[in-house]
Protein chains: 2
Amino acid sequence: MSVTIHDVARQVNLSIATVSRALNRPESVPEPTRQRVLEAVRLTGYRPDAIGRSLREGRSRSVGLIVSDIRNPFYASITKAVEDIAQARGYGVLICNADEKPERAQEALHFLASHQVSGIIHVPTGENVAVLGELEARGVPIVDLDRVSGLQNAGAVLVNNRQGARQAAEHLIGLGHQRIATIAGPQHLTTGRERLEGFRQALEEAGIRLLKRHVEFGDFREASGMRAAQRLFALPKPPTALFVANNEMMAGALGAVLESGRRIPHDISLVGFDDARWAQYMHPPLTVVAQPIDAIGTLAAEQLFERIEGKPAARIQVLDTQLIVRASTGPPGAS
Amino acid sequence: MSVTIHDVARQVNLSIATVSRALNRPESVPEPTRQRVLEAVRLTGYRPDAIGRSLREGRSRSVGLIVSDIRNPFYASITKAVEDIAQARGYGVLICNADEKPERAQEALHFLASHQVSGIIHVPTGENVAVLGELEARGVPIVDLDRVSGLQNAGAVLVNNRQGARQAAEHLIGLGHQRIATIAGPQHLTTGRERLEGFRQALEEAGIRLLKRHVEFGDFREASGMRAAQRLFALPKPPTALFVANNEMMAGALGAVLESGRRIPHDISLVGFDDARWAQYMHPPLTVVAQPIDAIGTLAAEQLFERIEGKPAARIQVLDTQLIVRASTGPPGAS
DNA sequence: TTGTAGGCGTTATCAC
DNA sequence: GTGATAACGCCTACAA
């Protein structure tokens, strides 16, 4: 069995109360006693049982992280940033992969609740405001990441999606494109909506109407991107430029491009949202709207811990995107 | 506050014992009683507190996952597979990113121990056999993944690294290369050692001596791959073919190739270990030794839960690799 | 069939 | 300065 505080107490002929105090409130115990305890701890290899402590304190020293797709490098990076910061503070990370399914996210939320996590970082997958609200009412800080859950008191770390989409659109327009299409994300997600809106708006301001048949929708997963691109390429007058609203759907769209024998950017100019290693390495390197991934994860984790440690102010932080022009975009019909 | 078993008991005028029984041992309670309880559970929204249960049972319904680099898509996929299976069984996953640092892995191990996890899936980062042994002695099943920790009773899911490296070497030899180099992984890791051994052996069998200056070592991270490749390219007679022992170091090596102005495969043939999306998309597409990623994660998780649920047999499962020939390899000096 | 009570490991309150 | 004790929520012998 494991060594408990009783073993340490026995070792030094003190009560468990004193041992606990020596460990948690060093000032409340005379230095010599404290040293004796510390020595005994070293000797026995005692480590406080996290479960016992959690039960007593009403919260576990761990945080929940719900991502929509752990295989998307964007969320893998986020996970790393969050885990880094949690580990530094002695917290654990319970990871849940919602796989873009709201039911799974809800299940995860319940699970985290019953585990008394100290806080939750959450990539919303759909409508789970009810469960979130309960958690929040119980005093569990919540930080939305990437998307917005609709929960009132949640903090959030987001990216300026409208700006990003606008950058993509303006770049394409500047190159002289007129038949510009987009593969948009799910419209029940803020990222899906905002990227489409920013894109449409930029086009309109340039006097270009975004045709209905030039807007295809996907679910932010690879397969849907491929299908959407295939539909676009099947049009009588296919677009000469395409803005794809996330990296996974872009991976799928690329498959369709290859399949159709089109050359990039001669036959089709491509702009993605969110950078990824493969985007830099592919041929030609992909023009993208990049997000400050590390900052997103770090800020979310930092805000979460600030609030866990007492600062009540939930903040909504919006970060800027950056257009990185590489070689997948060019004037229509030119190589 | 949260709703506890007491609230449910009050609701139906029963003792908490009966409620607990109705929930955990349906057969030990008359059906009508059970129904009343279930109804009350629904009404109150009661969910058992995982912490209380864990304390009582001496183990939490969660497993630990220690990976060496969560941003490496290989481990991100593993994480997904493990989380999938855990979630299906009602277990949570505590994720720890060791970042290839043994101290962090050890810290993580202690953390998981104090959290009374039911089992651990573990990508060894170095020598943590002592802590692992304690865990194991406490009855916590451990499954090594990808590498081998040296722990006696651990199960393991591995890949045939020697075979994989051999496939790479033979492919290069078959193409006619003579000056073949490798960027090997850390030699304190089984993957690092075995891939180098298999590679060397295949060369020797073909009558090619692997020169000392043609073996560079990295730490399985991108930056080290770049530096290693730079050293290789600075040789008076640089190699015409290069086998890189993992995908991250390959990413770095690619940077060095670009920087040096070499063309692939005309000036240098490249074979990687482990496939990645960018490997397929890059130009030219990368020849790789692929690992059955999903199977690795799934088998590890399945073995872990089998053992959690009582089957004592730790197994060592070794999976085959597969050479995928794409366009980054060709005869020396030919395009 | 159901209830009472003990205890898992911890921290904190209250005596001494 | 230190110790005894209660409490957190749960499950399960044992008693009724």
Side-chain angles (χ1 to χ4, degrees), chain A residues 1-38 40-41 44-62 90 110-111 113-118 138-140, chain B residues 1-37 40-41 44-62 90 110-111 113-118 138-139:
Chain A
M1 280 305 116
S2 230
V3 28
T4 78
I5 200 170
H6 288 99
D7 304 316
V8 179
R10 202 169 315 126
Q11 185 93 9
V12 290
N13 266 313
L14 285 171
S15 72
I16 61 166
T18 306
V19 173
S20 178
R21 264 187 308 245
L23 263 23
N24 300 307
R25 300 233 195 294
E27 72 285 3
S28 77
V29 104
E31 187 57 20
T33 309
R34 200 174 82 90
Q35 286 305 334
R36 278 204 300 150
V37 170
L38 257 32
V41 166
T44 54
Y46 167 73
R47 291 195 165 235
D49 179 295
I51 301 291
R53 173 183 279 167
S54 299
L55 185 61
R56 170 68 228 237
E57 303 197 324
R59 48 172 29 224
S60 75
R61 297 208 189 162
S62 54
H110 279 129
F111 180 86
S114 98
H115 271 262
Q116 312 283 32
V117 292
S118 295
R138 267 172 49 185
V140 180
Chain B
M1 282 304 118
S2 232
V3 27
T4 78
I5 199 171
H6 292 277
D7 303 318
V8 179
R10 203 168 315 128
Q11 186 91 10
V12 287
N13 264 315
L14 285 170
S15 73
I16 61 166
T18 307
V19 174
S20 178
R21 265 186 307 248
L23 263 22
N24 300 308
R25 302 236 194 292
E27 71 283 4
S28 77
V29 104
E31 187 58 21
T33 310
R34 202 176 81 89
Q35 286 305 332
R36 279 205 299 150
V37 171
V41 166
T44 54
Y46 167 73
R47 291 194 164 234
D49 178 298
I51 301 291
R53 171 183 282 166
S54 299
L55 186 61
R56 169 71 227 241
E57 304 197 324
R59 42 156 53 214
S60 76
R61 296 208 190 164
S62 52
H110 279 129
F111 180 87
S114 96
H115 271 263
Q116 312 283 31
V117 292
S118 295
R138 269 171 47 184

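Reckoned from all heavy atoms, side chains included, excluding hydrogens, waters and symmetry mates. Proteins get letters first, then strands, A, B, ... in listed order; numbering begins at 1 in each.
- In this structure, CZ on A:R47 lies 11.0 Å from CZ on B:F111, to the nearest 0.5 angstrom.
- Counting to the nearest Å, the C1' atom of D:dT2 and the CZ atom of A:R25 are 16 Å from each other.
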Under 3.5 Å, which N/O atoms of the protein pair with N/O atoms of nucleotides 14-16 of chain C?
none

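- A:R53 places a side-chain heavy atom less than 4.5 Å from the side chain of A:P48.
- Listed nucleotides: C:dT10, D:dC10, D:dG3. Nearest to the side chain of A:I16: C:dT10.
- The two atoms that bring A:V3 and A:T44 nearest to each other are CG1-O, 3.7 Å, heavy atoms only.
- Here the nucleotide nearest the side chain of B:A17, chosen from C:dT1, C:dT4, C:dG9, is C:dT4.
- Following rounding to the nearest Å, B:I51 (CD1) and C:dG9 (C1') show an atom-to-atom distance of 12 Å.
- Closest approach of A:D7 and A:S2 over heavy atoms only: OD2-O, 4.0 Å.
- Following rounding to the nearest Å, A:N13 (CG) and D:dT2 (P) show an atom-to-atom distance of 12 Å.
- Contact annotation: B:T33 side-chain N/O to C:dT2 OP1/OP2 distance is under 4.0 Å.
- Tested against B:S20 for a side chain to side chain contact (heavy atoms under 4.5 Å, CB included), the candidates B:T18, B:I16, B:N24, B:L23 yield a single pass: B:N24.
- In terms of position along DNA chain C, the nucleotide closest to B:V29 lies nearer the 5' end than the nucleotide closest to the other residue of the pair A:T4 and B:V29.
- B:S60 contributes no side-chain N or O that, together with a main-chain N or O of B:S54, makes up a donor-acceptor pair within less than 3.5 Å.
- In this structure, B:G52 and B:T18 both approach DNA chain D, and ranking their closest nucleotides by distance from the 5' end singles out B:G52.
- In this structure, CZ of B:R34 is placed 14 Å from P of C:dT1, rounded to the nearest angstrom.
- Residue A:R53 has its side chain nearest to C:dT10 when only D:dC10, C:dT2, C:dT10 are considered.
- Pairing each heavy atom of A:L14 with each of A:T33, the nearest pair is CD1-CG2, 3.7 Å.
- Note: CG (B:L55) to C1' (D:dT12) measures 14 Å, nearest angstrom.
- Nearest nucleotide to the side chain of B:Y46, out of D:dC10, C:dT10, D:dT12: D:dC10.
- Between B:D7 atom CG and D:dC10 atom P there is a gap of 9 Å when expressed in whole angstrom units.
- Both A:E57 and B:E57 lie close to DNA chain C; mapped to their nearest nucleotides by heavy-atom distance, the more 5′-ward contact belongs to B:E57.
- If you take CZ of A:R61 and P of C:dT10, they are 12 Å apart, rounded to a whole angstrom.
- Distance NE2 (A:H6) to C1' (C:dG9): 7 Å, rounded to an integer number of Å.
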